[in-house]
Amino acid sequence: MDFKLTEEHLLIQEAARDFAQNDLLPGVVERDEEQRFPEAEVKKMGELGFMGMMVAPEYGGSGLDTISYVLVMEELSKIDASASVIVSVNNSLVCWGLETYGTQAQKEKYLHRLASGEIIGAFCLSEPEAGSDATSQKTTALDKGDHYILNGTKNWITNGSSADVYLVIAQTDKEKKHKGINALIVEKGAEGFEIGPKENKLGIRGSDTHSLIFNDVKVPKENRIGEDGFGFKFAMKTLAGGRIGIAAQALGIASGAYELALKYSKERKAFGTEIANHQAIAFKLADMHTQIAAARHLVLKAAWDKDNGHNYDLSGAMAKLYASQVAMDTTVEAVQIHGGNGFVKDYHVERLMRDAKITQIYEGTSEIQKIVISRSILK
Ligand SMILES: Cc1cc2nc3c(=O)[nH]c(=O)nc-3n(C[C@H](O)[C@H](O)[C@H](O)COP(=O)(O)OP(=O)(O)OC[C@H]3O[C@@H](n4cnc5c(N)ncnc54)[C@H](O)[C@@H]3O)c2cc1C
């Protein structure tokens with residue numbers, strides 16, 4: 001067993017750290033306040049190869065492993081979890097889904113541009129009445145021979161207005177239940193495809209979250225991913241990998257908050273000494289450090305499982321469940337360590353605390369992760 005990262009991993013980690021410090025940090029408070037999508041920053045992440053990290057070079061990607069991806073996700077999330085969720089959706093849901101299950105023609109048409117960051121993608125599963133219970137799809141994709149007619153509403157879609165390519169899950173045959181669901185590629189601008197208003201969110205406010213409305217949208221059959229009826233399996237397989245990215249996001253939020261709290265505790269004085277010298281503060285830091293280390297091991301193990309062809313349903317769910325709880329606990333304590341300063345925007349920890357919450361909700365809530373974990377250990 002070797003716990004050391006390779007030279008290549010360390011270089012990628014450093015590149016992400018530098019980018020986060022130099023490019024994400026300067027405008028992060030304003031973007032959060034104004035709910036502004038980090039457009040220039042996403043473009044630069046494309047140039048750095050962060051938008052298609054695991055995509056094969058023949059399709060314009062960086063051809064890196066999942067370990068590299070989670071290292072980058074952690075570094076970006078320490079500073080800006082809005083930017084990192086854009087990276088996460090594009091990499092683990094859209095690019096991975098298309099590369100793994102798409103046809104050659106679909107890959108050639110979309111993957112190059114998605115992997116280079118020229119365009120970005122969105123993954124559209126959730127609906128007003130189908131969140132955790134994703135089998136209850138109300139969006140329909142009726143089979144009309146050489147095309148589908150898509151009708152319905154998707155909710156909470158990350159990159160909702162900024163994406164150019166949308167992977168949309170919809171019910172074709174209700175009788176067949178989840179085996180009658182398909183995944184379709186829909187392009188922005190398709191007739192009848194409308195983007196709803198932007199959600200005003202608690203956290204990750206720089207990412208744009210929208211509902212999407214499909215009104216008799218004609219989708220050619222060549223835009224279906226996989227065989228007829230593969231859509232639900234496609235969504236579940238894709239989300240299993242996506243969870244590793246969100247676990248890494250949670251880890252990054254936690255470690256970002258911890259680093260700020262550690263620094264502050266060595267600078268701020270109370271009762272004639274740095275607050276780190278008060279055991280109540282030192283013990284908080286000890287807990288944070290330990291929990292973050294444990295979360296990092298789970299995240300890296302899940303990534304390693306994926307890279308080595310092992311099943312990662314269980315390890316990915318455990319990593320997300322635990323890392324997201326650590327993100328919540330750590331950010332709350334980081335605010336506490338900052339005292340009054342923790343409550344204002346300039347010190348960053350309040351934003352990290354708000355951002356942490358989403359990691360317990362999207363790509364499967366913590367309750368759903370416990371269902372995945374308990375089913376896996378009980379079977
Ligand atoms: C900012 C943001 C971005 C998002 N981005 C995307 C995206 O890009 N694409 C996409 O498709 N979706 C996206 N989502 C949707 C997200 O995945 C769902 O919100 C999430 O899966 C929960 O679904 P829900 O909101 O309908 O909650 P519900 O399913 O209604 O759950 C409500 C509560 O009940 C609990 N619960 C439900 N079922 C069970 C059960 N069987 N046992 C125990 N507890 C249960 C849940 O854990 C939760 O606590 C996003 C959401 C947000 C807020």
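As the structure lists them, so they are numbered: ligands from 1, and atoms in each ligand from 1. Positions are given from 1, in the same order as the sequence printed here. All values derive from a computational prediction rather than experimental measurement.
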Do ligand 1 and [X] have nitrogen or oxygen atoms that lie under 3.5 Å from each other?
{"X": "Thr158", "answer": "yes"}
{"X": "Lys201", "answer": "no"}
{"X": "Gly364", "answer": "no"}

If we count only N and O atoms by modelled type, under 3.5 Å, do the side chains of [X] and [Y] hold a donor and an acceptor together?
{"X": "Thr135", "Y": "Asp133", "result": "yes"}
{"X": "Gln291", "Y": "Thr330", "result": "no"}
{"X": "Asp143", "Y": "Thr172", "result": "no"}
{"X": "Gln249", "Y": "Lys320", "result": "no"}
{"X": "Ser132", "Y": "Glu367", "result": "no"}
{"X": "Asn311", "Y": "Asp305", "result": "no"}
{"X": "Asp65", "Y": "Ser68", "result": "yes"}

Using 30° and 60° as the class boundaries, would you call the ring planes of His278 and Phe271 parallel, tilted or perpendicular?
perpendicular
What is the closest protein heavy atom to [atom], and at what distance does it sit?
{"atom": "atom 20 (C) of ligand 1", "value": "Ile361 O, 3.6 Å"}
{"atom": "atom 39 (C) of ligand 1", "value": "Ile368 CD1, 4.2 Å"}
{"atom": "atom 49 (O) of ligand 1", "value": "Glu367 OE1, 3.6 Å"}
{"atom": "atom 26 (O) of ligand 1", "value": "Gly131 CA, 3.2 Å"}
{"atom": "atom 18 (C) of ligand 1", "value": "Ser126 OG, 4.0 Å"}
{"atom": "atom 27 (O) of ligand 1", "value": "Ser132 OG, 4.2 Å"}

Applying a heavy-atom cut-off of 4.0 Å, say which part of Ile358 lies close to ligand 1: side chain, backbone, both or neither.
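Only the side chain of Ile358 comes within reach of ligand 1.
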Under-4.0 Å heavy-atom contact with ligand 1, by part of Thr365 that carries it
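For Thr365, the contact with ligand 1 is made by the side chain alone.
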As a test of the contact definition, would [atom] count as having a protein heavy-atom neighbour under 4.0 Å?
{"atom": "atom 30 (O) of ligand 1", "value": "no"}
{"atom": "atom 34 (O) of ligand 1", "value": "no"}
{"atom": "atom 10 (C) of ligand 1", "value": "yes"}
{"atom": "atom 53 (C) of ligand 1", "value": "yes"}

Candidates Lys109, Arg113, Lys218 - the one meeting salt bridge (charged side-chain N to carboxylate O under 4.0 Å, His left out) with Glu187
Lys109
Please state which option from Trp156, Tyr362, Tyr166 has its nearest heavy atom closest to atom 7 (C) of ligand 1.
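Looking at heavy atoms only, Trp156 sits closest to atom 7 (C) of ligand 1.
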Distance-only, no hydrogens or angles: does the Arg205 side chain make a donor-acceptor pair with backbone N or O of Asp32 under 3.5 Å?
yes
With the threshold set at under 4.0 angstrom, would you say Ile371 reaches ligand 1 through any of its heavy atoms?
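Within the 4.0 Å threshold, so yes.
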I'd like to know if Val89 contacts ligand 1, where contact means a heavy-atom distance under 4.0 Å to any ligand atom.
no
When you measure from the centre of the six-membered ring of Phe232, is the NZ or CZ of Lys179 under 6.0 Å away and within 45° of the axis?
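Negative - Lys179 is either too far from the ring of Phe232 or too far off its axis.
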Determine whether more than 12 heavy atoms belonging to other residues, nucleotides or ligands lie under 6.0 Å from atom NZ of Lys138.
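Atom NZ in Lys138 is packed in, count exceeds 12.
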Distance under 4.0 Å to a non-hydrogen atom of Phe123: what atoms of ligand 1 satisfy this?
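Those atoms are 7 (C), 8 (O), 9 (N), 10 (C), 11 (O).
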Close-contact set for ligand 1 against Glu363 heavy atoms, below 4.0 Å
17 (O)
